[in-house]
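The structure appears right after this line, and notes come after that.
Letters go in sequence order (proteins before strands), and every chain restarts at 1. Model, not experiment: these values are computed from the prediction.
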2 protein chains.
Amino acid sequence: MSPARTPTGAAPSRGRRAGRSAGDDREVAILATAERLLRERAFGDISIDDLARGAGISRPTFYFYFPSKDAVLLTLLDRVTEEADAAAGDVLDRLAEDPRARWRELIARFHATFGGHRDVVLACAQVRGTNAEVRRLWAEVLERWVRAVQAAIELERARGAAPDGLPARDLAIALNSMNERVWYATFAGDGPAVAERDVVDVLLDVWLTAIYRTTAPPVTPRG
Amino acid sequence: MSPARTPTGAAPSRGRRAGRSAGDDREVAILATAERLLRERAFGDISIDDLARGAGISRPTFYFYFPSKDAVLLTLLDRVTEEADAAAGDVLDRLAEDPRARWRELIARFHATFGGHRDVVLACAQVRGTNAEVRRLWAEVLERWVRAVQAAIELERARGAAPDGLPARDLAIALNSMNERVWYATFAGDGPAVAERDVVDVLLDVWLTAIYRTTAPPVTPRG
DNA sequence: ATCGGACTCGACAGGGTGTTGACTGGGGTC
DNA sequence: GACCCCAGTCAACACCCTGTCGAGTCCGAT
């Protein structure tokens, strides 16, 4: 699938290879051009020539740096997913302190992380239908969020804060799916959407009622 | 946008025009070919030539019947949306009889309608990113479902069966968005998904807790 | 000096879309 | 019967975009 590009650095790169050299500037320039163009038009309306020209190189030279247009987007997506993974952080480990505030923080971070890269994320959503690699990468990110939420729900049930009910994994999938779709509609302005200002609170409300059957889950006092 | 095709019939057609003629067979053949090919590969991997050949005509002749490949998909989508609109039916008018059963019926119908045309719906989801017309049409379907659910929630609140809370419209958007995304993941086998067997019950549980704060909403006895 | 790898691009092949212009065949009209 | 119009048909063309090939430059290491 990906060409033999001999990455010598530790981090797997979707571009050429790691290790400093003149070409790095070009690689960065291509990425920057992609981000800039994504701000003004859809991914499908950007040709490889546009990317190459924007980076000051010819089209064949583009292929020296990336195997395809999609690979550029994937590189951009890699950054976002890293950030997204970090965003969850340890929020859910401190749930007992103040569940409502912690859950809210989680949802707000999801919202902020993707909102900070909306052009890239929206573009990925567009090509997800046609690009298996984007689909896979996205599925992995979602899977990590689902697992974290699932674990948190199970912990809340174990400490008696949340009642039993749906399998925690199914509930985690449903809630994360809701967030993803609502988020998308809000930012893409595509169909019925919740106002950007309200979206975190709306989602939070559904999360809390689904998990606790109330919007004011019990706090376990520090002991 | 759409070519001057002089539709003479009542129903707006995305194909040529209404009124019987030899060409109708071809139009139907193109549609049937599209459905068949969609069952075996992605929309993006189907060329206009494939569609034309499948219908026994040449590529230029295809353009006599449809202005583009997307128009074929749109025609297929029209049928599904009609069915989807009918599916909601009057279920929500009879909520007081047995809310849990009625909501379940609504979700099950949503599931059954789209599941019955999964290839078309999945293809539409794929091109939604690149085709504004598909996006618009889909948004309209969703909007109608959202409105119906919103009205039902407001009625339930008015009769005291459901507590006040989020604006009914926001809640309706969030719940329908969840259904859409969960449905998609389940049928596309794309990332974390709920098993097809369980999906209706999982969604129902979240709907009921979000709307009623309990999974067993009160029944109003007929009087 | 010369070798090899990083880097570059002109030119080409291939596949897709959408359009043009010429052609056919049959149903009405005088 | 001569005619015409129009639905229907397609070979050929113009384009655009992707991806590849091969020939070339530049530069640091040997």
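Distance D24(A) CG to dC7(C) C1': 13 Å, rounded to the nearest Å. Going from atom CZ of F66(A) over to atom C1' of dT18(D) covers 17 Å, rounded to whole Å. Atom CD1 in I57(B) sits roughly 11 Å away from atom P in dG8(D) (whole-Å rounding). What separates CG of D45(B) from P of dG15(C) is a distance of 14 Å, to the nearest Å. Residue I30(B) contributes atom CD1, which lies 9 Å from atom P of dT9(D) at whole-angstrom precision. Distance K69(A) NZ to dC16(D) C1': 12 Å, rounded to the nearest Å. Per the geometry, CG belonging to D49(A) stands 12 Å off P belonging to dC16(D), to the nearest Å. The interatomic distance linking D50(A) (CG) with dT18(D) (P) rounds to 8 Å, in whole Å.
Under 3.5 Å, the side chain of R59(B) and the base of dG18(C) form at least one donor-acceptor pair of N or O atoms.
Set against dC10(D), dA6(C), dT18(D), the side chain of F64(A) has dA6(C) as its closest nucleotide. Distances were taken from every side-chain heavy atom of I48(B) (C-beta onward) to each of dG18(C), dG19(D), dT9(D); the shortest belongs to dG18(C). Closest to the side chain of R26(B), out of dT9(D), dT17(C), dT8(C), is dT9(D). The side chain of T61(A) lies closest to dT8(C), out of dG16(C), dG19(D), dT8(C). When distances run from any side-chain atom of P60(A) to the nucleotides dG18(C), dT20(D), dT18(D), the shortest one goes to dT20(D). With distances taken from any side-chain atom of S68(B) to the nucleotides dT9(D), dG18(C), dT19(C), the minimum falls on dG18(C).
Side-chain atoms of R104(B) never come within 3.5 Å of backbone atoms of D201(B) as a donor-acceptor pair (strictly under, hydrogens ignored).
Around CZ of R136(A), the count of heavy atoms belonging to other residues, nucleotides or ligands within 6.0 Å exceeds 12. Annotation: R79(B), atom CZ; neighbour count of heavy atoms from other residues, nucleotides and ligands within 6.0 Å is above 12.
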Working note: E196(A) + R118(A), criterion salt bridge (charged side-chain N to carboxylate O under 4.0 Å, His left out); need CA distance, chi angles, decisive distance, verdict. CA-CA 13 Å; E196(A) 189 170 342; R118(A) 65 180 71 184; 3.3 Å; yes

Checking E105(A) against R109(A) for the salt bridge (charged side-chain N to carboxylate O under 4.0 Å, His left out) test, could you report, in this order, the C-alpha distance in whole Å, the side-chain angles of both residues, the deciding distance, and whether it holds? CA-CA 6 Å; E105(A) 200 175 333; R109(A) 286 191 185 183; 2.9 Å; yes

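Contact annotation: Y63(A) does not reach the phosphate of dC7(C) (side-chain N/O to OP1 or OP2, under 4.0 Å).
Nucleic acid contact for S58(A): base, since at least one base atom lies under 4.0 Å from a heavy atom of the residue.
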